[in-house]
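One structure below.
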Protein chains: 2
Amino acid sequence: MSSETPAEHPCKPLLHRLQHFVDPGPDELAALALLTRDRRQATPNACLLREGDPGRTALLLCSGWALRQRTLADGRRQIMEFLLPGDMCDPGSFVTRRADSSVVAITAMQYARVPPDLLLETLRHAPGLGVCLWWMAAQHAAMMRSHLLAVGRMNARERIAHLVWELACRLDLLHDRPPRVYRLPISQELIADAVGLSVVHVSRTLCALERDGILHRHGHHWQILSRRRLRALANLPVAWPQRLPASLHDAPTALQPRTPSTRAVKPGETPQSTS
Amino acid sequence: MSSETPAEHPCKPLLHRLQHFVDPGPDELAALALLTRDRRQATPNACLLREGDPGRTALLLCSGWALRQRTLADGRRQIMEFLLPGDMCDPGSFVTRRADSSVVAITAMQYARVPPDLLLETLRHAPGLGVCLWWMAAQHAAMMRSHLLAVGRMNARERIAHLVWELACRLDLLHDRPPRVYRLPISQELIADAVGLSVVHVSRTLCALERDGILHRHGHHWQILSRRRLRALANLPVAWPQRLPASLHDAPTALQPRTPSTRAVKPGETPQSTS
DNA sequence: CGGACTGTTGATCAAGGTCAACCTCTGTGG
DNA sequence: CCACAGAGGTTGACCTTGATCAACAGTCCG
């Protein structure tokens with residue numbers, strides 16, 4: 001088949017991520033290419049979507065980082081999530097009058113706007129993609145719940161460890177092998193607003209993690225020195241992200257499953273157990 | 001049509017909620033009835049779904065309250081959300097290997113388990129329901145983001161006000177008119193674990209809200225004395241929940257829109273503006 | 001060279017946590 | 001009918017985590 005040209009595919013990161021789980025056929029590849037018909041650029045701090053906008057369109061990130069946030073009248077803000085290449089931001093917006101949160105570029109980035117009819121058309125061409133999107137949405141919801149758990153019930157150390165671990169896991173999915181050093185283009189202010197702490201305390205806590213030999217940073221380059229201890233701090237109860245359940249591969253409209261030999265092993269994932 | 005017998009419909013609360021937004025036809029009513037084929041009972045503290053379960057089934061709550069929670073090894077827990085009659089809990093579970101959170105009954109309750117094929121079959125019979133479920137999922141995601149904002153960036157007073165406001169809005173949707181006094185079958189311990197505070201501090205803060213003439217409670221009966229001040233505290237930027245966007249009513253598979261004369265006015269909702 | 005932005009460190013402060021006592025209500029069993 | 005136990009709520013005293021304010025250092029960029 002013509003499936004061996006991922007390097008030139010317009011939404012490589014999404015593809016790359018999906019390939020950890022399923023093996024897209026030519027139909028799916030062609031359908032995915034459709035999604036990026038309306039491509040755009042954004043520079044740091046540009047607003048892709050503003051709170052209150054009618055914005056009836058999904059966003060598909062191709063390169064660069066963004067974030068979703070909500071702001072209070074007095075300036076306090078909460079960062080809901082960081083958005084990485086390959087992320088598809090809420091198709092839920094199709095069905096909603098006004099956005100409840102803003103999406104802002106962190107780095108220079110490329111993305112596509114996906115209007116509702118285009119998404120529906122794409123799904124008609126490649127129904128198997130529906131399961132993928134559904135799966136991604138479920139993973140996303142689980143991620144949000146983890147985030148809530150961290151912010152609501154963990155202390156500063158744990159919260160930050162949790163965030164770093166989450167980002168590392170997500171970045172791992174964008175590469176063939178877990179990178180040795182991660183590039184996290186986020187300031188400590190962003191970390192603070194994501195985990196609900198003050199900037200100063202984030203700085204202190206990061207220094208402490210570094211002193212304890214768990215992390216190492218310079219600039220935006222981060223290294224995880226002890227995956228074990230970081231993971232323990234992050235308190236992750238279940239493996240995340242999860243694979244598609246096997247039985248879905250057999251559904252009439254599903255994609256072909258990857259054969260075990262070619263399936264990449266995901267980084268922090270323990271196959272079964274919890275602790 | 002035969003749409004005037006909601007009193008005997010097996011999932012009245014869901015219906016009631018949907019009727020604030022759309023006008024289900026006979027097909028939709030029949031299809032909804034299908035969903036509750038596998039009905040169950042639960043008593044307080046019963047576990048409908050346990051963290052780590054494979055549980056490939058959605059839950060449709062018919063009566064009573066439940067909650068979704070995640071627990072840490074040392075006993076700390078975060079309540080993700082309270083689940084009310086008419087709530088459909090994550091169809092996302094179809095596509096996921098293991099549940100990331102538990103669902104526990106708060107009161108005695110009735111619910112139905114909805115396996116994947118039943119849901120798909122139902123949607124085949126009444127495609128218009130798909131939009132409804134999608135809309136509910138989008139509302140749900142927005143609610144979770146609000147919750148995260150509250151826990152991450154608000155102080156005790158605001159967090160609790162936020163929670164009470166959210167619950168009141170959701171309960172309003174289950175009745176024809178906003179009730180004068182709400183029945184909230186939740187202990188202060190549950191409130192604490194939902195908003196990320198200690199029980200003691202919840203007690204103090206509630207007493208303060210009562211002293212300030214914003215709330216009144218005895219037992220599980222709550223009255224909102226000043227909707228204005230409660231709403232201001234809760235810091236709600238956009239109207240919630242939102243109506244379906246008008247254009248979706250015109251989609252080929254959509255339900256009939258309610259005529260303006262019969263559409264109920266929703267409680268805390270300002271039609272357009274933010275503050 | 002000067003300014004903006006980001007990160008680090010110290011000093012002080014306050015919101016909320018913890019511990020403990022006590023109270024009210026409800027249901028239970030004698 | 002009362003005694004008792006247990007759960008949930010209230011209040012006080014004290015302590016801890018993290019917020020706030022401020023000064024300063026490093027880096028990038030005009």
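Residue numbers begin at 1 in each chain, while the letters A, B, ... track the order of the sequences. The figures here come from the full heavy-atom set of this structure, side chains too, leaving out hydrogens, waters and symmetry mates.
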Between the side chains of [X] and [Y], does any donor sit under 3.5 Å from an acceptor?
X	Y	answer
A/E166	A/H147	no
A/Q69	A/R77	yes
B/S102	B/R50	no

Quick one, [X] and [Y] - any side-chain contact, counting heavy atoms below 4.5 Å?
X	Y	value
A/P85	A/L174	yes
B/M144	A/M144	no
A/M154	B/Q78	no

For [X] and [N], give me the distance from atom [atom1] to atom [atom2], rounded to whole Å.
X	N	atom1	atom2	value
A/E158	D/dT17	CD	C1'	13 Å
B/E189	D/dT10	CD	P	14 Å
B/L184	D/dG9	CG	P	12 Å
A/R153	D/dG18	CZ	C1'	16 Å
B/W222	D/dG9	CH2	C1'	12 Å

Which part of the nucleic acid, if any, lies within reach of [X] when heavy atoms closer than 4.0 Å are counted: base, sugar-phosphate only, or nothing?
X	answer
A/L206	nothing
A/R217	sugar-phosphate
A/S198	base

* Residues which pass side-chain hydrogen bond (donor to acceptor under 3.5 Å, both in side chains) with A/R145, listed by chain and number, not counting sequence neighbours -> B/D100

* Results of side-chain hydrogen bond (donor to acceptor under 3.5 Å, both in side chains) for B/D53 - residues two or more places apart only -> none

Would you tabulate the nitrogen or oxygen pairs shorter than 3.5 Å linking the protein to nucleotides 25-30 of chain D?
none

Run the side chain to side chain contact (heavy atoms under 4.5 Å, CB included) test against [X] and tell me which residues pass, sequence neighbours left out.
X	result
A/P179	A/D172, A/H175, A/Y182
A/T36	A/P10, A/C11, A/R39, A/L60, A/C62, A/A112
B/S63	B/Q110

Please list, pair by pair, any protein nitrogen or oxygen found under 3.5 Å from a nitrogen or oxygen in nucleotides 11-14 of chain D.
| residue | atom | partner | partner atom | Å |
| --- | --- | --- | --- | --- |
| D/dG12 | N7 | B/R204 | NH1 | 3.2 |
| D/dG12 | O6 | B/R204 | NH2 | 3.4 |
| D/dA13 | N6 | B/R204 | NH2 | 3.1 |

* Asked: With respect to the phosphate group of D/dA7, does any side-chain polar atom (N or O) of B/Q188 fall under 4.0 Å of OP1 or OP2?
  -> no

* Asked: According to the salt bridge (charged side-chain N to carboxylate O under 4.0 Å, His left out) rule, which pairs have a member within residues 194-213 of chain A, sequence neighbours left out?
  -> A/R157-A/D212, A/E210-A/R217

* Only counting residues at least two apart or in another chain, list the ones meeting ring pair (Phe, Tyr, Trp, His ring centres under 6.0 Å) with B/H216. => B/H218

* Check salt bridge (Lys or Arg N to Asp or Glu O under 4.0 Å) between B/R159 and all other residues, then give those that pass, not counting sequence neighbours. => none

* Structure fact -> The bend of the helix from C/dC1-D/dG30 to C/dG30-D/dC1, taken between the axes of its five terminal pairs at each end and rounded to 10°, is 30°

* Structure fact -> Counted 5' to 3', the first and last nucleotides of DNA chain C within 4.0 Å (strictly under) of a heavy-atom of chain B are C/dG16 to C/dC19

